Number of protein chains: 2
Amino acid sequence: MEADLSKSSELIPVGPLQQVLAALADPVRLEMVRRLADAEDSTAACSLLYDGIGKSTASHHFKTLREAGVTQRLVEEGQTHQRLRTDDVEGAYPGVLTSILSSPR
Amino acid sequence: MEADLSKSSELIPVGPLQQVLAALADPVRLEMVRRLADAEDSTAACSLLYDGIGKSTASHHFKTLREAGVTQRLVEEGQTHQRLRTDDVEGAYPGVLTSILSSPR
DNA sequence: CTACAAGTTCGATGGATATCGAACTTATTC
DNA sequence: GAATAAGTTCGATATCCATCGAACTTGTAG
C-alpha cells in the first residue's frame, strides 16, 4: 500500500543516532529544541526560537535539525513553524531526546 | 572538608551537557564509548577501543572524552586504560548516556 | 644499557560547518 | 500593484576539528 504523498507533507525518517546527536550538540540548535519542547504543541514560529544570530544562520540550523529528523516544517496561517518530532525521535531512540530535554540547562 | 588530592587521581567534573553531547556525536568516539560499555568494569586498554585510525588520532579522541568527563584515564600494571564514568555521567544527566548506549547501532 | 612497545604531544593540513550579507520567494497589507 | 515582513537560498569567509606523521616519554624485556 502506497503512502499518500498528495499532501506533500513529506516526513523524512529520523536519521542515524550519530546525526541526531550531532544536530543536538550545537548550542544554537539545542536552544531551539528546548524552546520547541516548551512551546504549545511543540510548535513555534521560527523567529521565536533564536536570538543573537542572523535569520539566514537560523534557517541553516533549522535545515540541519530537519534533515536529522528532529523537527518538521509546517505552514500554519501563512506563517512557517517548526515542530519538534518528539514521538518519532523517541520511537527511534527511546529516552535520548527526553533525557536531554529534562537535563539541567 | 578537603578532598584528598595526594593520590593525584584528579577526577574532573562532568562537563556541560553541550560538551558531553559533542563528545558523543563523533562516530569514532561513540564507538570507543560503546566498546568501553561492553568491557569488563567498563575499562579497557586504549588499543582495543579503535580501528582504522592512527594512535595519535585516537589519543586526541581520548582527550576529548576525558575533558568532557565521560571517561577517565588509569594506569593498571603499566598499561594505560580508559574507564567509562557511567555513574558520574548518569548523576549529572540522568538517562542520557544509558539511552544512547541502549540505542540500536 | 639497548631495544621495543604503548601513548602522548606537537605542527601542519584538509575538510566540515557556523556565520554573515545580499538576493530571491511568498504572503499579507495598504 | 507597491510595500513590507518572514524565510530560504546562495556565495564567501573564518573557525573549528579530525587526521596524520614525527618526535618525545615511559615502562618493559632482553
Side-chain angles (χ1 to χ4, degrees), chain A residues 7-12 15-36 39 43-84, chain B residues 8-10 12 15-36 39 43-84:
Chain A
K7 301 240 189 64
S8 73
S9 38
E10 27 169 320
L11 254 201
I12 68 169
L17 177 60
Q18 212 59 251
Q19 191 180 6
V20 173
L21 290 179
L24 298 174
D26 181 273
V28 173
R29 289 192 293 264
L30 185 54
E31 175 63 21
M32 287 172 165
V33 167
R34 280 171 166 154
R35 293 193 189 184
L36 277 177
T43 301
C46 300
S47 56
L48 300 177
L49 298 174
Y50 62 93
D51 296 297
I53 58 174
K55 56 183 183 174
S56 64
T57 301
S59 193
H60 156 72
H61 287 302
F62 290 142
K63 187 180 180 186
T64 301
L65 286 170
R66 250 182 288 117
E67 289 177 344
V70 174
T71 60
Q72 174 190 11
R73 176 162 47 187
L74 22 112
V75 179
E76 295 195 353
E77 306 168 11
Q79 290 235 334
T80 304
H81 289 243
Q82 309 287 334
R83 179 188 147 260
L84 186 60
Chain B
S8 74
S9 38
E10 26 170 319
I12 68 168
L17 177 61
Q18 212 59 251
Q19 191 180 5
V20 172
L21 290 180
L24 298 175
D26 180 272
V28 173
R29 289 192 292 263
L30 184 54
E31 174 64 21
M32 287 172 164
V33 167
R34 280 170 166 155
R35 293 192 189 184
L36 277 178
T43 301
C46 299
S47 57
L48 300 176
L49 298 174
Y50 63 93
D51 296 297
I53 58 173
K55 57 182 184 174
S56 62
T57 302
S59 193
H60 156 71
H61 287 303
F62 290 141
K63 186 180 180 186
T64 302
L65 287 170
R66 249 181 290 120
E67 288 177 345
V70 174
T71 60
Q72 173 190 11
R73 177 160 48 185
L74 24 111
V75 180
E76 296 194 352
E77 304 168 12
Q79 290 235 334
T80 304
H81 289 243
Q82 308 289 332
R83 179 186 148 261
L84 186 61

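Remember, it's a predicted structure, so these values are computed and weren't measured experimentally. In what follows, every chain begins at residue 1, and chains take the letters A, B, ... in the order their sequences are listed.
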Just the atom pairs and distances: protein N or O near nucleotides 5-12 of chain C's N or O, under 3.5 Å.
unit_1, atom_1, unit_2, atom_2, d
C:dG7, OP1, B:Cys46, N, 3.4
C:dG7, N7, B:Lys55, NZ, 2.7
C:dG7, O6, B:Lys55, NZ, 3.3
C:dT8, OP1, B:Arg73, NH1, 2.5
C:dT8, OP2, B:Ser59, OG, 2.8
C:dT8, O5', B:Ser59, OG, 3.2

Mind calculating the distance between [atom1] ([X]) and [atom2] ([N]) to the nearest angstrom?
X	N	atom1	atom2	result
B:Asp51	D:dT19	CG	P	13 Å
A:Gln19	C:dA16	CD	P	15 Å
B:Glu76	D:dG27	CD	P	15 Å
B:Leu65	D:dA18	CG	P	10 Å
A:Ile53	C:dT17	CD1	P	17 Å

(message) Within the 4.5 Å heavy-atom criterion, are B:Tyr50 and B:His61 side-chain neighbours or not?
(response) no
(request) State, with a plain yes or no, whether a side-chain heavy atom of B:Gln82 is found less than 4.5 Å away from one of B:Leu49. (result) yes
(message) Given 3.5 Å as the limit, does a donor-acceptor pair link the side chain of B:Arg29 with the main chain of B:Ala23, or not?
(response) yes
(message) When you measure from the side chain of B:Thr64 to the backbone of B:His60, do you find a donor-acceptor pair of N or O atoms at a distance under 3.5 Å?
(response) yes
(message) For DNA chain D, which residues of residues 26-34 of chain A approach it to below 4.0 angstrom with any heavy atom?
(response) none
(request) Could you walk me through whether B:Gln18 and A:Leu30 pass side chain to side chain contact (heavy atoms under 4.5 Å, CB included), step by step? (result) CA-CA 8 Å; B:Gln18 212 59 251; A:Leu30 185 54; 3.4 Å; yes
(request) Start with the C-alpha distance between A:Leu24 and A:Val20, add both sets of side-chain angles, then the distance that settles side chain to side chain contact (heavy atoms under 4.5 Å, CB included), and finish with yes or no. (result) CA-CA 6 Å; A:Leu24 298 174; A:Val20 173; 4.1 Å; yes
(request) Mind jotting down which residue pairs meet the salt bridge (charged side-chain N to carboxylate O under 4.0 Å, His left out) criterion with at least one end in residues 44-67 of chain A? Sequence neighbours excluded, please. (result) A:Arg35-A:Asp51
(request) Search all heavy atoms of A:Leu84 against all heavy atoms of A:Val70 and return the closest pair with its distance. (result) CD1-O, 3.6 Å
